[in-house]
Structures are given as C-alpha cells and as structure tokens.
Amino acid sequence: MALPGSLWRQPANRGLVSHCTHHHIVVFLLTFFSYSLLHASRKTFSNVKVSISSQWTPSCLNSTAPELQPYELWNSSHLFPNAEEATLFLGTLDTVFLFSYAVGLFVSGIVGDRLNLRWVLSFGMCSSALVEFFFGTLTEWLHFYNKWFYCCLWIVNGLLQSTGWPCVVAVMGNWFGKAGRGFVFGLWSACASVGNILGAFLASCVLKYGYEYAFLVTASVQFAGGVIVFFGLLTSPKEVGLPELGADEDVSVEEDANRPLMGSDDADDDDRNYSIQATDTDNQPKAIGFFQACCLPGVVLYSLAYACLKLVNYSFFFWLPFYLSNNFGWKEAEADQLSIWYDVGGIIGGTIQGLISDVLQKRAPVLAISLLFAVGSLFGYSRSPNSKPINAVIMAITGFFIGGPSNMISSAISADLGRQDLVKGSSEALATVTGIVDGTGSIGAAVGQYLVSLIQDNLGWMWVFYFFILMTSSTILFISPLIVREITLLLHERHLRMLAE
Amino acid sequence: LDLSNCSLHSVPPELDEAATAIVLDLTENPLMTLPSGSFLGFTYLQRLAVPLALPCPGGSDAWQEVTVDGSGRLCQGQRNPCNGSTDLAWPCPENSACAPDGPGLIQCLCESPFHGYKCLREGTFPVLLFSGVLGTATLSLSLLLWGTQRRKAKT
C-alpha cells in the first residue's frame with residue numbers, strides 16, 4: 001500500500017523531468033519572449049518620454065532672452081506650450097492605457113478560450129506593433145501631431161496588448177501540469193522584467209537617432225515576434241498528439257471514483273503511461289462563460305487580492321524614480337537602475353515561493369507569510385537611509401516579498417484556477433480566468449496611479465507607504481478564507497500521514 | 001535697393017523678400033522705429049542708410065563703421081555677431097552653433113552630425129541594415145520552428 005506522502009513527492013519530481021520534451025522548451029521560450037516584447041514596447045514609451053515632450057514643445061529659455069532663430073528649428077512645434085503640460089498629457093496617456101488594458105484583459109481572456117490561442121496571440125502582437133508604429137514613427141515622419149489621435153491610438157494599443165498575458169498563461173498552463181507549476185511559472189514570470197530590461201536597452205541604443213526610431217525598432221521586433229509565434233507555437237500538447245495534461249495528472253489523496261484511467265493497483269506505474277488515453281473520446285472542450293468563470297471557487301477572492309497587490313507593485317514601480325529624486329535627490333538614470341533590483345527580487349521571490357508552494361502543494365499559506373514579511377519590508381523601506389547600496393538591498397527584499405506573490409497569483413495560481421477539477425477536461429477556462437484576475441489587478445493598478453499622486457501631493461511620502469501597507473494587508477484579508485481552508489487541509493493531510501505511518 | 005523717400009511709416013513686411021540685398025537705403029521716410037526682427041536674414045547687407053532719428057539696427061557694435069551725415073545715418077560693414085568682442089547674451093543650446101542672421105542678430109544652427117527639431121537627432125538610422133537583419137532572423141526562426149514544431153500539428 002503506497003503511502004500518500006510518497007505519492008505526492010514522486011509526481012512532483014518525476015513530473016517535471018519526464019514531461020520535458022523539446023516542445024516544452026520551445027513553448028516556454030516562445031511565450032517568455034513574446035510577453036517580453038510586449039512589455040518592452042511599454043518600457044520604450046516610458047523611456048522616450050523626455051524626447052517626445054521636447055518634440056512637442058517650443059524651446060524654453062528664460063523670458064528675458066529673445067526667441068531663438070530659425071523659427072522652424074526651435075519653436076515651430078506648439079502642441080503643448082511647455083514641458084509640464086506635455087508631461088501631464090503623457091501621464092494621462094499612461095492612465096488611459098492602463099484602463100483600456102484592464103478592460104481588454106477581461107475580453108481577451110474570453111476570446112482566447114473560444115478562438116485558437118495562437119491566432120489571438122500573434123494577431124495581438126502584430127497589430128499592437130502596427131499601432132505603435134503609427135503612434136511613434138508615422139506621426140513623426142509625417143509631422144502630424146494631434147492629441148486626440150495619440151489618445152485613440154494608445155487606447156487601441158492597450159486593448160491589443162491585453163491579448164498577450166491571458167494567451168501566454170493559458171498556453172503555459174496547457175503544457176506544464178500542476179506538478180512543477182509553481183516553480184516553472186515562477187521562473188517564467190521573469191518575462192515581464194526581462195521585457196523591461198530589453199525595452200530600456202533598445203530604447204537607449206536607438207534614442208540618439210530620434211525617438212521615432214525607438215518606436216520603429218521595438219514595433220518591428222514585436223511584429224517579427226508575432227510572426228514567429230504564428231509559425232512556431234503549439235498551443236497545447238494535443239496538437240502534436242501528446243497526452244492532454246488532464247489525463248495523467250498526479251494521483252490525489254481524495255479518491256476520485258470517476259477517473260477511468262487510474263487502476264488502484266498500479267497507481268504508480270500507469271501514472272506515466274501515455275498510451276492510456278480517455279480524453280480523445282471526450283467532446284471538444286467548450287469555453288466557459290464569463291460569469292461562470294467568475295463563480296469558480298477562488299477566482300473572485302484572488303482577483304480582489306491581486307487588485308490590491310498589483311496596485312502596490314505598479315505604484316511602487318512607477319513612482320520609485322520620483323520618490324528617489326524627491327526624497328534623496330538622485331538622478332533619473334540612477335533611479336531607473338535601482339528599480340531593476342526590485343524586479344530581480346520579484347523574480348527570485350516568485351521562483352522560490354513557487355517551489356515551496358509546489359512542495360507543500362498549497363499556495364495560499366506561502367502567499368500569506370510572504371505578504372506579512374512584505375508589510376515589514378515596506379515599513380523598513382520607508383525608513384531607509386540615503387545610501388544606494390542599503391537602498392538597493394532593502395528594495396530587493398521588498399521586491400522578493402511583494403513581487404513573489406504578485407507573480408504567483410498572476411501566473412501559477414491563475415493556471416491552477418483555470419484548470420481546477422471543476423472545469424478540467426470539460427471546459428476551457430484558463431484564459432478567461434487569467435483575464436479576470438489580471439483585469440481586476442490592472443484596474444487596481446490604474447486607480448493606484450491616481451491615488452498615489454493625490455496622497456503624495458496632500459500628505460507626503462510617508463502616508464503613501466502607509467497606504468501601500470494598508471493595501472498589502474487587505475490582500476491578506478481577501479485570501480484569508482482560502483488560507484484557512486488550505487491550512488486545515490494541510491493539517492488534515494499531515495494527520496492522515498501520521499496515522500498511516 | 002533704394003527705398004528712400006517712399007513715405008514709409010513702418011517697415012513693410014515685404015522687405016523680407018529683399019533679404020539678399022547688399023545695399024539698402026531707407027532715408028527720408030517718416031519711420032518711427034526699427035523693430036529688432038526687421039532685418040532677419042539680411043546677412044549680405046553691407047551698407048544700410050537709415051533716417052537720422054533711428055539708430056543702426058543691432059547697435060553701433062554690429063557695424064564696423066557708423067557715420068552720420070545730414071540726411072541720415074550710414075551703417076557700413078556688418079560685423080559677424082558671433083565672434084564679436086562683446087559676449088553673447090545667451091549661448092546657443094546644446095548641439096547648435098552660432099551663425100549670423102543679420103545686423104546684430106544671431107541664429108543657432110545645428111552642428112553636424114546633429115539635425116532635426118531642436119537638434120535632438122544625431123546621425124542617420126541604418127534602416128536597410130536593420131530591416132535586413134531582422135527580416136533574415138525572422139525568416140530563419142520561423143522556418144526552423146515551423147519545421148520542428150508545427151509541421152506535425154493536426155489543427
């Protein structure tokens with residue numbers, strides 16, 4: 001009689017190694033880089049803001065000096081009268097993008113589950129690349145500067161870019177089973193940060209030729225990525241005849257009498273036997289409705305929790321340069337470099353916490369502990385001294401404790417929710433659920449942008465940190481029912497194991 | 001260009017078309033003032049005669065020789081304001097250099113290799129090279145991946 005404990009351990013280790021074909025590697029890399037490219041173009045926009053606002057405004061000298069000549073060279077662009085107004089408009093573009101991205105996430109998840117994921121992803125990448133090209137390069141080549149045009153284009157871009165995340169998470173969820181999901185997704189979530197670094201690098205290389213070339217480069221590379229994804233991505237193992245993931249999942253302790261595959265005698269052996277297949281005879285999975293997806297257990301709670309967490313994550317990330325230059329007087333380039341440490345902390349956090357949650361087979365307790373430490377590290381960061389190394393270390397630690405859960409919720413947990421027992425094999429819910437979770441998160445992030453600037457204007461930076469601590473605590477609050485349930489399950493299983501030994 | 005005794009009360013805007021004039025005569029006109037931008041672009045102007053009441057545009061420092069006779073003031077020999085003895089009130093912005101633009105007037109032109117609005121852009125982007133590299137990379141990767149991945153795909 002096999003011990004329940006060892007049944008857990010074996011699938012976790014064997015699953016990761018025996019499943020890994022070259023298809024898995026290619027899928028990992030393709031989805032990784034396609035999301036990186038999407039993120040890179042957003043970072044490009046952030047990095048060229050200074051150049052764009054110079055392009056949109058006339059030269060600004062102190063009022064006593066006469067106008068510079070020749071007029072066409074120095075003063076002919078009057079889209080905005082001065083740099084402050086241009087910066088305000090660029091901030092508005094950011095907010096508008098975030099809101100349309102949030103709306104688009106809800107829609108794209110549903111669309112991705114109904115249509116072929118590969119088509120949706122490559123369409124989204126290529127058309128978003130086209131829109132970015134129009135936004136940055138064509139307007140400059142034609143010298144056509146119009147605020148409404150920019151606004152509309154950026155809204156469309158937000159909607160198109162939102163196709164990326166639900167599709168890539170769904171594809172990864174199709175290929176990588178529950179066995180190693182936390183660890184693999186933790187590692188894979190690095191794609192956003194890699195995209196940031198890539199975007200910053202591309203922009204800085206090409207910016208001297210003019211900001212329109214920065215847009216041209218990132219848009220072209222993204223378009224190329226879309227084409228490569230179209231020709232090379234396999235959305236699910238069944239496209240090449242490999243077993244669908246639901247069929248040979250790890251044997252769970254709770255007996256599931258409905259499973260025709262698992263003979264109780266050779267539970268360990270036929271676990272890995274691919275020839276036993278039942279899913280091919282099933283009906284083609286149909287996509288789940290939006291409200292049905294919302295009603296899946298855990299979706300609403302995790303969405304709200306993610307809204308609070310992503311608010312902290314994004315606001316921390318966006319406002320960090322301002323905070324560093326306001327509080328400590330550091331330059332923007334240094335602040336940019338320092339914020340990479342936050343990303344690094346997030347990647348390491350996501351990977352390690354994913355690994356731990358894989359071993360425990362429970363996600364919520366890991367999140368809770370990490371978030372408790374996050375409150376502490378936020379408090380510590382608000383009191384950090386004016387010293388770059390110490391600041392970088394505390395920032396990395398904060399990133400570890402905040403970015404880790406954030407990465408987990410948006411990737412591994414969404415995949416869990418979308419492939420849980422209730423929907424497994426009979427409906428496609430993965431992209432929809434990812435869309436819901438990330439959409440709610442993005443709304444939280446967009447609202448956070450406003451709130452942080454409001455609080456900072458009226459009350460100062462310390463209150464901004466208190467606000468972040470409040471948000472992190474509400475994240476813990478939202479997932480507390482799940483924490484309670486999973487901890488009781490954990491204790492129950494441990495009790496069972498002790499009885500069996 | 002002789003515009004003397006034309007009953008001009010103010011500098012006509014069409015004067016800009018005569019920017020290549022070397023000699024200009026404005027005497028015996030009831031002009032009140034010479035706005036500072038009137039002679040923008042008059043880089044070739046070497047002899048300018050203005051009514052007695054008005055000063056030489058750009059001040060006396062902008063001309064090598066200023067003589068006054070009965071009918072008017074004669075400004076001769078336009079000096080290059082960029083390498084004048086007097087310091088410029090304001091330097092040209094980054095990546096641009098001073099160039100004369102008329103008597104006492106300067107313009108800031110982009111220094112090579114800078115060009116474009118506000119001289120922000122440097123050099124030319126190698127479009128052909130970039131598109132060539134990207135195109136071949138895309139093509140080869142797509143073919144490779146299609147061959148190894150999707151060729152056996154059922155849908």
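So you know, we letter chains A, B, ... as the sequences are listed, proteins then strands, and number each from 1.
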- Query: Hey, is the main chain of T57(A) close enough, under 3.5 Å, to the side chain of K118(B) for a donor-acceptor pair?
  - Reply: yes

- Message: Main chain of C119(B), side chain of W74(A): is a donor-acceptor contact present, judged purely on distance under 3.5 Å?
- Response: no

- Any residue of residues 208-229 of chain A which, by heavy atoms, sits under 4.5 Å from chain B: K208(A), Y209(A), G210(A), Y211(A), E212(A), Y213(A), L216(A), V217(A), S220(A), V221(A), A224(A), V227(A), I228(A)

- Quick one: what part of S96(B) sits under 4.5 Å from any heavy atom of chain A, side chain, backbone, both or neither? side chain

- Item | Side chain, backbone, both or neither of L120(B) within contact of chain A (heavy atoms, under 4.5 Å) | both

Over all atoms of both residues, closest heavy-atom pair of [X] and [Y]:
| X | Y | value |
| --- | --- | --- |
| T148(B) | H23(A) | O-CE1, 3.9 Å |
| Y117(B) | S54(A) | CE2-O, 3.6 Å |
| Q149(B) | V26(A) | NE2-CG2, 3.2 Å |

- Okay, L233(A) and chain B: the region with an atom under 4.5 Å from a heavy atom over there is backbone

- Task: Look at V27(A), L30(A), L234(A), T235(A) and state which one has the largest set of heavy-atom pairs under 4.5 Å with chain B.
- Result: L234(A)

Counting only heavy atoms not in [X] (residues, nucleotides, ligands), do more than 12 fall under 6.0 Å from its [atom1]?
| X | atom1 | answer |
| --- | --- | --- |
| R114(A) | CZ | yes |
| L142(A) | CG | yes |
| F123(A) | CZ | no |

- Query: If you count heavy-atom pairs under 4.5 Å with chain A, which of V127(B), L145(B), L144(B) comes out on top?
  - Reply: L145(B)

- Option in G147(B), S142(B), G135(B) with maximal non-hydrogen atom pairs under 4.5 Å from chain A: S142(B)

- Query: How far does CZ of F231(A) sit from CG of L141(B), to the nearest 0.5 angstrom?
  - Reply: 12.5 Å

